[in-house]
Novice: 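Once you've had a glance at the structure underneath, I'll fire off some questions.
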Number of protein chains: 2
Amino acid sequence: MPYASDHKQKSREKILTSARRIFKERGFDGVTIDDVMGDAGMTRGGFYAHFRSKGDLIAHALASEGPDEQKPWGALELLGFAELYVSADHRDRPGEGCPAAALTQEIARSDDETRTAYTDFLRRFAEVIDTYLGNDGNALSDDALAIMAQMVGTVQMARAVNDPMMSTRLLKAGRQAVEYLLPPEAD
Amino acid sequence: MPYASDHKQKSREKILTSARRIFKERGFDGVTIDDVMGDAGMTRGGFYAHFRSKGDLIAHALASEGPDEQKPWGALELLGFAELYVSADHRDRPGEGCPAAALTQEIARSDDETRTAYTDFLRRFAEVIDTYLGNDGNALSDDALAIMAQMVGTVQMARAVNDPMMSTRLLKAGRQAVEYLLPPEAD
DNA sequence: GTCTATAGGCAGATAGAC
DNA sequence: GTCTATCTGCCTATAGAC
């Protein structure tokens, strides 16, 4: 037989891996199915054996994003995490970065499936922060939500401004702000 | 003569007024020139008597955005300003709201003209905050930049999540965070 | 200055070969 | 399962009438 039994599954993973990166680099509307499939080493026609539509791909790409992933964020303390998140490196490499910093505004205008996948992602993100803070309750803490918003907003604006000095200053101010937002008991 | 002498100028203003609102509601890519011109009461063909291209319109629409404008934000204190900015009303009415909360990510992927117009807008925005804080120096303060990032990031995520409870909690946490970010001397 | 009409290009989705 | 070829619709920009 011409295809191994897990061939389809591997193709699907390749498509998702390409999609996650390219969507974050260029936005949903700036990416065609041809772009994603070409990056994954296939052609457009084969796409529909894996996903129903472009919107379906978007939802699955988002659902497969994890703040825990292969990134080097595991054992660091929260301030170290914030140093990496609110950094020039993260600013300059959106494709390997956080989907919230790259896609939040397009998601706000997307369908329910996509917004649900994003909501779940944000929950996982905030849970990571709460773990750093020592909060192990069920509900997300206000501190975690505020720190997340600070980091996401900062990286976004640092990417958008045209002035390198202002971009650097935004990042610096954002890192400081995370410190100010730490609850007093979490030192 | 069939047209008043200021007719062209008034048409241009109508186009810009429609563009500012529609772009913030649906994003640059989600809006066609037909949409803008239709909203302004004209047809597509007339557009190019006013702007060279869609990108040109985007840059001029952004350049004409002001945080000082006709909005009811004038005389309030900074916390009052933050209450209005980080509110359910602002979340639910992006068309009348801040361009940074609606367009930052698309701008990060736009041409230099657009990014320059955005950078200038952010400077004016941060200057308003610095005025509230009593900072009248030439450079923007870190506090103003951080408060701006907090507000912008919070409203964006509150718009994108699919869970009304989580959206409300994000707004509440974001408003609290602005308080924590106030410098100690500005009480 | 603004209109209608159209040129030209691109992208999402499908059909059918292998 | 993936390929090439194609249908269909939409959008930017231009041409030319009024």
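Keep in mind the model is a prediction, meaning the values are calculated, not measured. Each chain gets a letter, A, B and so on, in the order the sequences are listed, and its residues count up from 1.
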Novice: Record whether the side chain of B/Arg44 comes under 3.5 Å of the base of C/dT6 through a donor-acceptor pair of N or O atoms.
Specialist: yes
Novice: Within this structure, what is the CE-to-P distance between B/Met37 and D/dT12, rounded to whole angstrom?
Specialist: 12 Å
Novice: Does a side-chain N or O from A/Thr43 land closer than 4.0 Å to OP1 or OP2 of D/dT2, or not?
Specialist: no
Novice: I'd like to know if the side chain of A/Ser18 reaches the main chain of A/Ile15, judged simply by a donor and an acceptor atom lying under 3.5 Å from each other, with no hydrogens or angles considered.
Specialist: no
Novice: For A/Asp34 and D/dA5, what is the distance between atoms CG and P respectively, to the nearest whole Å?
Specialist: 13 Å
Novice: Check whether the side chains of A/Asp35 and A/Thr32 place a donor and an acceptor atom closer than 3.5 Å, and report yes or no.
Specialist: yes
Novice: Around atom NZ of B/Lys54, are there more than 12 heavy atoms of other residues, nucleotides or ligands at under 6.0 Å?
Specialist: yes
Novice: As a test of understanding, state which of B/Leu57, B/Ile22, B/Ile58 forms a side chain to side chain contact (heavy atoms under 4.5 Å, CB included) with B/Phe28.
Specialist: B/Ile58
Novice: Measure the distance from CD on A/Gln9 to P on D/dG1 and round it to the nearest whole Å.
Specialist: 11 Å
Novice: Output the rounded distance in Å from CD1 (A/Ile33) to P (D/dT6).
Specialist: 20 Å
Novice: Consider only side-chain N and O atoms of A/Gln150 and A/Thr154, and report whether a donor and an acceptor are under 3.5 Å apart.
Specialist: yes
Novice: Return the value, rounded to whole Å, for the distance between atom CG of B/Asp29 and atom P of C/dA11.
Specialist: 11 Å
Novice: Consider the side chain of A/Met42, meaning its heavy atoms from C-beta on, and name the nucleotide among C/dT2, D/dC3, D/dA13 that approaches it most closely.
Specialist: D/dC3
Novice: Provide, to the nearest angstrom, the distance between the CZ atom belonging to A/Phe28 and the P atom belonging to C/dG12.
Specialist: 13 Å
Novice: What nucleotide, of D/dT2, D/dC11, D/dC3, holds the atom closest to the side chain of B/Thr32?
Specialist: D/dC11
Novice: Rounded to the nearest Å, what distance is computed from the NE2 atom of residue B/His7 to the C1' atom of nucleotide C/dG1?
Specialist: 7 Å
Novice: State, without any angle test, whether B/Tyr118 and B/Thr104 hold a side-chain donor-acceptor pair at a distance under 3.5 Å.
Specialist: yes
Novice: Figure out the CG/P separation between A/Asp56 and C/dG12, and round it to whole Å.
Specialist: 14 Å
Novice: May I ask you to list the residues of residues 45-54 of chain B, by number, that have any heavy atom positioned under 4.0 Å from an atom of DNA chain C?
Specialist: B/Gly45, B/Gly46, B/Ala49, B/His50
Novice: Is it the case that B/Ser141 and B/Asp130 place a side-chain donor and acceptor less than 3.5 Å from each other?
Specialist: yes
